[in-house]
Asks: 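Dropping a structure here in structure tokens format, bear with me for questions.
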Protein chains: 2
Amino acid sequence: MRKNTKQRSMVYEELKSRYDHPTPEELYYAIKPKYPKISIATIYRNLRILAEEGKVIEIKSDKNVLRYDAKTEPHYHFKCTNCSAVLDLDIAYNKELDEELNKKGYKVNYHSIIFYGLCPNCAK
Amino acid sequence: MRKNTKQRSMVYEELKSRYDHPTPEELYYAIKPKYPKISIATIYRNLRILAEEGKVIEIKSDKNVLRYDAKTEPHYHFKCTNCSAVLDLDIAYNKELDEELNKKGYKVNYHSIIFYGLCPNCAK
DNA sequence: GTAAGTGCAAACCTTTTGCAAACAA
DNA sequence: TTGTTTGCAAAAGGTTTGCACTTAC
């Protein structure tokens with residue numbers, strides 16, 4: 001049975017309050033001032049739990065770091081190769097792609113799309 | 001000026017000979033028997049060089065590991081959540097998506113799509 | 001009271017780096 | 001010859017784990 005802890009809800013609330021898809025380390029440094037005794041291990045453990053519960057999503061946009069997103073409706077991302085920002089896109093999720101593969105014998109859960117290039121700011 | 005080394009061409013040839021999108025470590029253990037004194041650092045360095053040269057592609061399908069692909073024409077991937085295989089898909093690359101974003105001020109290089117679910121084998 | 005969660009430090013795993021020796025051009 | 005690459009070992013990142021203590025229920 002899962003318990004509600006202050007630490008877990010702080011991780012979740014922090015994530016819901018921002019749209020920059022932070023890494024575990026970034027979350028740690030954001031929460032630390034509000035709750036100085038929190039440990040980075042707690043951040044990791046809770047991110048894993050929240051992801052298992054489907055409350056947050058993992059974004060594999062970077063080479064060696066995972067990023068997290070509390071917006072769980074299927075959506076796509078843009079990774080700027082200049083400023084490193086990861087942005088949400090408002091392109092509609094394409095269910096037909098999943099169905100196309102299901103017809104071929106796959107059983108698709110979801111798909112992720114990540115665009116790489118320059119964001120509008122850096123493209124100027 | 002770049003030199004041609006036996007090690008670099010072995011990494012590239014190994015990658016071209018297989019379709020399972022190996023990790024650096026998997027490449028290391030594949031090449032080691034043929035060239036026992038090769039170092040894992042050399043694998044990493046050459047993968048980076050080959051990626052810079054556009055001869056191989058990095059696939060961010062896993063949490064903590066990069067996978068590599070010597071098939072450089074844009075294409076999409078399927079990651080099986082059961083057997084962990086990463087498969088090439090023959091869905092056409094959707095250039096319109098890139099153009100759609102370009103119209104909105106982005107400057108898209110390319111996009112990657114990764115599907116998650118069960119591959120035809122595991123779906124049975 | 002008790003099982004779940006925490007903090008800390010150590011361990012782990014993957015990737016990068018410094019450096020002297022080896023090698024391609 | 002000389003600038004690049006290699007192998008090795010050490011270091012650096014990022015993530016996980018063991019354990020005693022704390023907390024939610």
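The analysis underlying the following values was restricted to heavy atoms, covering all of them including side chains, and did not include hydrogens, waters or symmetry mates. We name chains A, B, ... by the order of the sequence lines, and we start the count at 1 in each one.
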Asks: Given atom CD of B:Glu26 and atom C1' of C:dT14, what is their separation to the nearest angstrom?
Replies: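 So the two atoms are 13 Å apart, to the nearest Å.
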Asks: On DNA chain D, nearest-nucleotide positions of B:Lys63 versus B:Lys6: which is more 5'?
Replies: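 Whichever sits nearer the 5' end wins; that is B:Lys6.
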Asks: Where the side chain of B:Arg45 is defined as all heavy atoms beyond and including C-beta, which of C:dT17, C:dG7, D:dT15 is the nearest nucleotide?
Replies: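 The answer is C:dT17, which lies nearest to the side chain.
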Asks: If only side-chain N and O atoms count, and only distance matters, is there a donor-acceptor pair under 3.5 Å linking B:Tyr93 with B:Asp98?
Replies: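 Judged by distance alone, the side chains do pair up.
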Asks: Hey, is the main chain of A:Ile59 close enough, under 3.5 Å, to the side chain of A:Arg67 for a donor-acceptor pair?
Replies: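 Not confirmed, A:Arg67 side chain does not pair with A:Ile59 backbone.
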Asks: In whole angstroms, how far is the P atom of D:dT5 from the CG atom of B:Leu50?
Replies: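 Interatomic distance, CG of B:Leu50 to P of D:dT5: 11 Å.
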Asks: Please confirm whether the shortest side-chain N or O distance from A:Thr5 to OP1 or OP2 of C:dT6 is below 4.0 Å.
Replies: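 Yes, A:Thr5 has a side-chain N/O under 4.0 Å of OP1/OP2 on C:dT6.
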Asks: So, is A:Asn4 close to the D:dC25 phosphate, meaning a side-chain N or O under 4.0 Å from OP1 or OP2?
Replies: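 So the side-chain polar atoms of A:Asn4 do come within 4.0 Å of the phosphate oxygens OP1 or OP2 of D:dC25, strictly under.
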Asks: Whole angstroms only, please: what is the NZ-P distance between A:Lys37 and C:dA9?
Replies: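 A:Lys37 atom NZ is separated from C:dA9 atom P by 15 Å.
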Asks: If the cut-off is 4.0 Å, is A:Arg48 near the phosphate of D:dT17, judged by side-chain N/O to OP1 or OP2?
Replies: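 Yes, because at least one side-chain N or O of A:Arg48 sits under 4.0 Å from OP1 or OP2 of D:dT17.
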Asks: Nearest to the B:Asn64 side chain among D:dT17, D:dT15, D:dC8, which nucleotide is it?
Replies: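 Nearest listed nucleotide: D:dT15.
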Asks: How many whole angstroms separate atom CG of A:Leu27 from atom C1' of D:dG14?
Replies: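 For the pair A:Leu27 CG and D:dG14 C1', the rounded distance is 14 Å.
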Asks: Taking atom P of C:dA4 as reference, at what distance in whole Å does atom NZ of A:Lys3 sit?
Replies: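 From A:Lys3 NZ to C:dA4 P: 7 Å.
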Asks: Using a 4.0 Å heavy-atom cut-off, does A:Arg8 contact any base of the nucleic acid, only the sugar-phosphate backbone, or nothing at all?
Replies: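 Here A:Arg8 touches the backbone only, sparing every base.
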Asks: Where the side chain of B:Ala41 is defined as all heavy atoms beyond and including C-beta, which of C:dA9, D:dT15, D:dA9 is the nearest nucleotide?
Replies: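 Side chain of B:Ala41 sits closest to D:dA9.
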Asks: For the residue pair A:Tyr110 and B:Tyr116, does the interplanar ring angle fall in the parallel (under 30°), tilted (30 to 60°) or perpendicular (over 60°) class?
Replies: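 Rings of A:Tyr110 and B:Tyr116: parallel, as their planes differ by under 30°.
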Asks: Kindly say if B:Thr42 contacts the phosphate of D:dG7, meaning a side-chain N or O under 4.0 Å from OP1 or OP2.
Replies: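 For D:dG7, OP1/OP2 do have a side-chain N/O of B:Thr42 under 4.0 Å.
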Asks: Describe the nucleic acid contact of B:Tyr28 in one word from base, sugar-phosphate, nothing, applying a heavy-atom distance below 4.0 Å.
Replies: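 Touches nothing.
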Asks: Give me the ring orientation class for A:Phe115 and B:His111: parallel if the planes are under 30° apart, tilted from 30 to 60°, perpendicular past 60°.
Replies: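 Judged by the thresholds at 30° and 60°, the geometry between A:Phe115 and B:His111 is tilted.
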Asks: Send over the distance from B:Ile43 CD1 to C:dT16 P, rounded to a whole Å.
Replies: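 Taking CD1 of B:Ile43 and P of C:dT16, I get 13 Å after rounding.
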Asks: Quickly work out the B:Met10 CE to C:dC23 C1' distance and round it to whole Å.
Replies: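 So the two atoms are 17 Å apart, to the nearest Å.
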Asks: So does A:Glu52 pair up with A:Arg48, basic N to acidic O under 4.0 Å?
Replies: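 The answer is no: the pair does not qualify as a salt bridge.
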Asks: Tell me: CD1 of B:Ile49 to C1' of D:dT6, nearest whole Å?
Replies: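 After rounding, the reported distance stands at 11 Å.
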Asks: Using a 4.0 Å heavy-atom cut-off, does A:Ile40 contact any base of the nucleic acid, only the sugar-phosphate backbone, or nothing at all?
Replies: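 Counting heavy atoms under 4.0 Å across all strands, no contact is made by A:Ile40.
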Asks: What's the closest nucleotide to the side chain of A:Glu25 if the choices are D:dG14, D:dC25, D:dC8?
Replies: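 In terms of side-chain proximity for A:Glu25, the closest of D:dG14, D:dC25, D:dC8 is D:dG14.
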Asks: Could you tell me whether the phosphate oxygens of D:dT4, OP1 or OP2, come under 4.0 Å of any side-chain nitrogen or oxygen in B:Arg2?
Replies: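 Answer is no, no contact under 4.0 Å.
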Asks: With a 4.0 Å cut-off, would you call A:Asp69 and A:Lys71 a salt bridge?
Replies: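 Salt bridge absent between A:Asp69 and A:Lys71.
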Asks: Any idea which of C:dG7, C:dA4, D:dG7 is nearest the A:Gln7 side chain?
Replies: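 So the side chain of A:Gln7 is nearest to C:dG7.
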